[in-house]
Every structure is written in structure tokens, then in C-alpha cells.
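Working notes for the structure below.
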Amino acid sequence: METIWLSGAEWAAVLRIGLGLWWLESWRHKDRKGWFERGTGIAWAADVAGKHKWGFVTAGFRKVVEPRPKVMAYIVVYAELALALGLIFGFLTPVALIGGLLLNLLYLVLMIHDWAEQGQNSMMALISVVALFTMSWQAWSLDSAIGVF
């Protein structure tokens with residue numbers, strides 16, 4: 001593909017790195033003390049899930065998340081950091097893109113009633129799909145440097 005300034009693979013890498021920075025910002029702005037010590041993040045999600053218009057979301061949250069709020073807080077917070085670092089550095093990039101897509105879809109379903117959240121999650125999911133199908137790990141990535149994918 002011919003483009004201005006960068007190659008197609010390099011533009012895909014720009015998209016991948018930008019998505020990684022978006023995940024990094026999502027991780028950075030979280031009140032980790034609140035999430036880990038006071039349980040604010042999971043408590044907020046429990047409130048949202050409890051009022052959800054789809055019963056399977058409420059039931060799934062109660063079965064999977066509520067019994068282990070501290071563990072789930074760590075999983076959510078550090079999954080965002082792992083996605084960010086994987087995408088920024090291009091390490092296990094397809095795994096990070098699929099993981100990010102799944103996490104965004106989970107957030108999208110949980111927050112189905114909040115249109116402000118839907119925009120962010122929809123865009124991040126779309127970028128994940130584009131970065132995956134353009135094989136954004138071909139340029140500027142550890143995957144490319146070590147020949148993993």
C-alpha cells in the first residue's frame with residue numbers, strides 16, 4: 001500500500017500504539033487505592049450490573065465477580081496495564097488486541113445504557129479490529145523484531 005510519509009504497516013503500528021496509549025491512560029487515571037482497598041470500582045460495577053436491563057448481565061456479574069471482588073479489581077486494573085504495554089511495545093500483539101476487544105465488549109455490554117461510555121468502548125473495539133486485521137505488529141514491534149508472529 002502506498003501512503004504519504006509512512007508505509008501502510010507503519011500507519012497500522014501508529015494505530016496500535018495509539019490504542020495502547022489509550023489503555024495506558026485508562027489504567028493511569030484509575031484510583032488504584034480506591035479499587036484495591038475500598039473496592040470502589042467493583043462496587044460501582046455491581047451497582048450498574050444490579051440495575052441492568054438484561055438479566056444475564058446481572059446474573060453473570062453475581063456469579064463471577066461478586067464472590068471475588070478484590071481479585072476482580074486486580075484483574076481489571078492490571079489487564080488494562082498489560083494491554084497497554086503489549087500494544088505500545090508490540091509484544092504478543094494479536095493476544096493483546098483480542099484481549100482488549102473482549103474487555104471493551106464486556107464494558108460495552110455492562111454500560112449499555114450509558115452513551116458516553118459507549119463511544120469510547122466502540123471506538124477502542126473498532127481500532128482493535130482494524131489493528132488486528134492489518135497485522136499492526138509488522139512494524140515497530142517486539143513481535144516483529146523477534147519473529148513471533
Inter-residue atom distance L19.CG - M124.CE, 0.5 Å rounding: 5.0 Å
Sequence-distant partners of R28, salt bridge (Lys or Arg N to Asp or Glu O under 4.0 Å), two or more places apart: E25
hydrophobic_cluster_shared for I127 and L106, side chain cutoff 4.5 Å: yes
4.5 Å side-chain heavy-atom contact, S136 and L15: no
Aromatic ring pairing Y74/Y78, orientation class (parallel under 30°, perpendicular over 60°, tilted between): parallel
Closest approach of R32 to W27 (non-hydrogen atoms, all atoms of both residues): NH1-O, 2.8 Å
Could you list the donor-acceptor pairs under 3.5 angstrom formed by side chains in residues 35-46, with sequence neighbours left out?
residue : atom : partner : partner atom : Å
R38     : NH2  : D31     : OD2          : 2.9
T40     : OG1  : G34     : O            : 3.2

Within 45° cone of W140 ring axis and under 6.0 Å: R16 NZ or CZ: no
W54-F61 co-clustered via ILVMFWY side chain contacts under 4.5 Å: no
Linked, directly or transitively: M123 and L24 (ILVMFWY side chains, under 4.5 Å): yes
Nearest atoms (heavy-atom pairs only) where H52 meets V109: NE2-O, 2.7 Å
K51: salt bridge (Lys or Arg N to Asp or Glu O under 4.0 Å) partners, not counting sequence neighbours: D47
Approximate separation, where rounding is to 0.5 Å, of M135 CE and S141 OG: 11.0 Å
Nearest-0.5 Å distance that lies between atom CD1 in I146 and atom CZ in F149: 9.0 Å
All salt bridge (Lys or Arg N to Asp or Glu O under 4.0 Å) counterparts of E10, not counting sequence neighbours: none
Closest heavy-atom pair and its distance - R68, K63: NH1-O, 3.6 Å
CZ/F133: more than 12 non-hydrogen atoms of other groups inside 6.0 Å: no
Hphob cluster co-occupancy, L83 + V130, side-chain heavy atoms under 4.5 angstrom: yes
For residues 85-105, which side-chain donor-acceptor pairs fall under 3.5 Å, sequence neighbours excluded?
residue : atom : partner : partner atom : Å
T93     : OG1  : G90     : O            : 3.2
T93     : OG1  : D143    : OD2          : 2.6
N104    : ND2  : N121    : OD1          : 2.9

Contacts of type side-chain contact (heavy atoms from CB on, under 4.5 Å), residue S26, not counting sequence neighbours: W23, H29, K30, E80
V64 with V57, same ILVMFWY side-chain cluster at under 4.5 Å: no
Taking every non-hydrogen atom, the tightest pair across A139 and A13: O-CB, 3.5 Å
Least distance between heavy atoms, V76 atom then Y107 atom: CG1-OH, 3.4 Å
